[in-house]
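One structure is given below, encoded as structure tokens.
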Amino acid sequence: MGKARAGIAGVVAAVVVVLGFASGASALEMRTYGKPFCRGKPVHDYERVLDRLPAVRHPPVDERLPFGPRNLSLYRAAWSRVAVGRGGFGYRFFDETFGVRKKVVLRWDVTTTLTRIDRRGRVVRIVDGEHQYLGVERDIGDRSFWLDAPRGPALYRYDIEFRDHRSGEVLGSYSEYFRVVRTKIRMRIATSHDTVRPGQTIFARVENPGTVWASFGVEYAVQRFEGGVWTHQPLGGGVWPAIGLYMSSGGSGWCMRYRVPAGAAPGSYRFVKQMEPQVRGAHDRRFTAGFRVVG
């Protein structure tokens, strides 16, 4: 595995372990309770505007360049097509024969361009560009075709073109859209129903319509408003396990459950949960979602 790809793979693996609690492993299964509401849905799609732009030619889905040497792939170096605050876009090579093949003979001219566009895909201005010559490469995984975007919300088109150095023939050209968005902290929790009767069960799920990821644990509380103050209601279940969960921007899911006791008094109740936005300097914040118990 190439060093560049290996480094990214290691990071991805680490992230997947963390996200596994929230997206593919037992925590999510435990917290959906078989309810569509708890499985969640997108509450804000920040890539939608990109999908509405004029069609462009993307690199092959299998990452193999049709004009390149065997076992050489081109992969996207950006985590997402949406960056928060500032970001950029680019590609890197991965040589599947790393450690066996000592060199790759390319003799290509590679030109990358970053263009700011409007919501119809029209050019506003050229932001940046770079030209690189690839000859006999002994560590192709170190080659990067990354361009930084200026700070602040905007739409961009990234273009990369490969030419044969000797003939000038265009071997391939590809494009991708991405955007930079403002930092928006808009985490919340929402209940499955506004009212519930004694003996019934109500659910509350985590929702994150903002642009930054949310982190949280499995613990939560249910409170009842009585005598002018909020008082905790018994949930059962013992000690909360120390599990770290994450919710991506625009996502929702992972439920909290409250089975209303048969003898519960009517009135105002609420779920309470601590969550932390994944942005520098942020701290835990308390979020609530109210509901009523009716007779």
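Everything numeric in this text was worked out from a predicted model, so none of it was measured. The figures here come from the full heavy-atom set of this structure, side chains too, leaving out hydrogens, waters and symmetry mates.
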Atom pair [atom1] ([X]) and [atom2] ([Y]), whose distance is rounded to the nearest 0.5 Å:
| X | Y | atom1 | atom2 | result |
| --- | --- | --- | --- | --- |
| Met275 | Met247 | CE | CE | 8.5 Å |
| Asp62 | Tyr75 | CG | OH | 16.0 Å |
| Tyr220 | Cys255 | OH | SG | 9.5 Å |
| Arg125 | Ile117 | CZ | CD1 | 13.0 Å |
| Thr113 | Leu147 | OG1 | CG | 7.5 Å |
| Phe93 | Ser144 | CZ | OG | 10.5 Å |

Checking the side chain of [X] only, and the main-chain atoms of [Y] only, is there a donor and an acceptor separated by less than 3.5 Å?
| X | Y | value |
| --- | --- | --- |
| Arg292 | Tyr269 | no |
| Ser192 | Phe203 | yes |
| Arg179 | Tyr46 | yes |
| Thr211 | Arg182 | yes |
| Glu63 | Val61 | no |

At their closest point, which heavy atom of [X] faces which heavy atom of [Y], and how far apart are they?
| X | Y | value |
| --- | --- | --- |
| Arg119 | Leu53 | O-CD2, 3.4 Å |
| Val180 | Gly87 | CG2-N, 4.3 Å |
| Gly217 | Trp254 | O-CH2, 4.0 Å |
| Pro153 | Arg116 | O-NH2, 4.0 Å |
| Trp146 | Gly90 | CE3-N, 3.5 Å |
| Arg57 | Ser173 | CD-O, 3.5 Å |

- Query: Should we say atom NE2 of His58 is surrounded by more than 12 heavy atoms from elsewhere, each under 6.0 Å from it?
  - Reply: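 Yes, enclosed.
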- Got a sec: does the CZ of Arg186 have more than 12 other heavy atoms crowding it under 6.0 Å?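 Atom CZ in Arg186 is not packed in, count stays at 12 or less.
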Please tell me if the side chains of [X] and [Y] come closer than 4.5 Å, counting only heavy atoms from C-beta onward.
| X | Y | value |
| --- | --- | --- |
| Val206 | Met187 | no |
| Trp240 | Leu235 | yes |
| Val84 | Trp213 | no |
| Ser268 | Trp230 | yes |
| Pro69 | Val105 | no |
| Gln274 | Phe216 | no |
| Ile202 | Phe271 | yes |
| Tyr246 | Asn208 | no |

- Less than 4.0 Å between a side-chain N and a carboxylate O, is that true for Asp95 and Arg143? no
Going only through I, L, V, M, F, W and Y residues with side-chain contacts under 4.5 Å, is there a path from [X] to [Y]?
| X | Y | value |
| --- | --- | --- |
| Val272 | Val196 | no |
| Leu65 | Tyr91 | yes |
| Leu245 | Val279 | yes |
| Leu50 | Tyr174 | no |

- Residue pair Arg31 / Tyr33, side-chain donor-acceptor N/O under 3.5 Å: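 Yes - a donor-acceptor pair under 3.5 Å links their side chains.
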Taking only residues at least two apart or on different chains, which pairs with a member in [range] satisfy salt bridge (Lys or Arg N to Asp or Glu O under 4.0 Å)?
| range | answer |
| --- | --- |
| residues 268-290 | none |
| residues 204-216 | Arg188-Glu207, Arg205-Glu207 |
| residues 213-227 | Arg224-Glu226 |

- Message: Please determine whether side chain to side chain contact (heavy atoms under 4.5 Å, CB included) holds for the pair Asp194 and Phe291, giving the CA-CA distance in whole Å, both sets of side-chain angles, and the decisive distance to 0.1 Å.
- Response: CA-CA 5 Å; Asp194 294 327; Phe291 62 96; 6.0 Å; no
- Mind telling me whether Phe67 and Trp108 have parallel, tilted or perpendicular rings, with 30° and 60° as the class edges? perpendicular
- Would you please name every residue forming a salt bridge (Lys or Arg N to Asp or Glu O under 4.0 Å) with Arg64, sequence neighbours left out? Glu96
- Using the ring pair (Phe, Tyr, Trp, His ring centres under 6.0 Å) rule, take Phe89 and Tyr177 through it: C-alpha gap first, then chi angles, then the decisive distance, then the call. CA-CA 9 Å; Phe89 198 85; Tyr177 296 116; over 10 Å; no
Can I get a per-line list of side-chain donor-acceptor pairs under 3.5 Å for residues 155-163, giving both atom names and the distance, sequence neighbours left out?
unit_1: Arg157; atom_1: NE; unit_2: Asp159; atom_2: OD1; d: 3.0
unit_1: Arg157; atom_1: NE; unit_2: Asp159; atom_2: OD2; d: 3.0
unit_1: Arg157; atom_1: NH2; unit_2: Asp159; atom_2: OD2; d: 3.2
unit_1: Tyr158; atom_1: OH; unit_2: Phe145; atom_2: O; d: 2.5
unit_1: Asp159; atom_1: OD1; unit_2: Ser175; atom_2: OG; d: 2.4
unit_1: Glu161; atom_1: OE1; unit_2: Arg163; atom_2: NE; d: 2.9
unit_1: Arg163; atom_1: NH1; unit_2: Gly168; atom_2: O; d: 2.6

- side chain to side chain contact (heavy atoms under 4.5 Å, CB included) between Tyr133 and Arg107, intermediate numbers included: CA-CA 7 Å; Tyr133 170 68; Arg107 297 190 174 92; 3.6 Å; yes
Pairs under 3.5 angstrom only: tabulate donor-acceptor contacts from the side chains of residues 256-263 to other protein residues two or more places apart or in another chain.
unit_1: Arg259; atom_1: NH1; unit_2: Thr201; atom_2: OG1; d: 3.3

- Item | Audit row: Val212, Ile185, side chain to side chain contact (heavy atoms under 4.5 Å, CB included) steps and yes/no | CA-CA 6 Å; Val212 300; Ile185 301 174; 4.0 Å; yes
- Task: Check the pair Leu72, Leu106 against side chain to side chain contact (heavy atoms under 4.5 Å, CB included), reporting the backbone distance first and the verdict last.
- Result: CA-CA 11 Å; Leu72 182 67; Leu106 300 176; 4.1 Å; yes
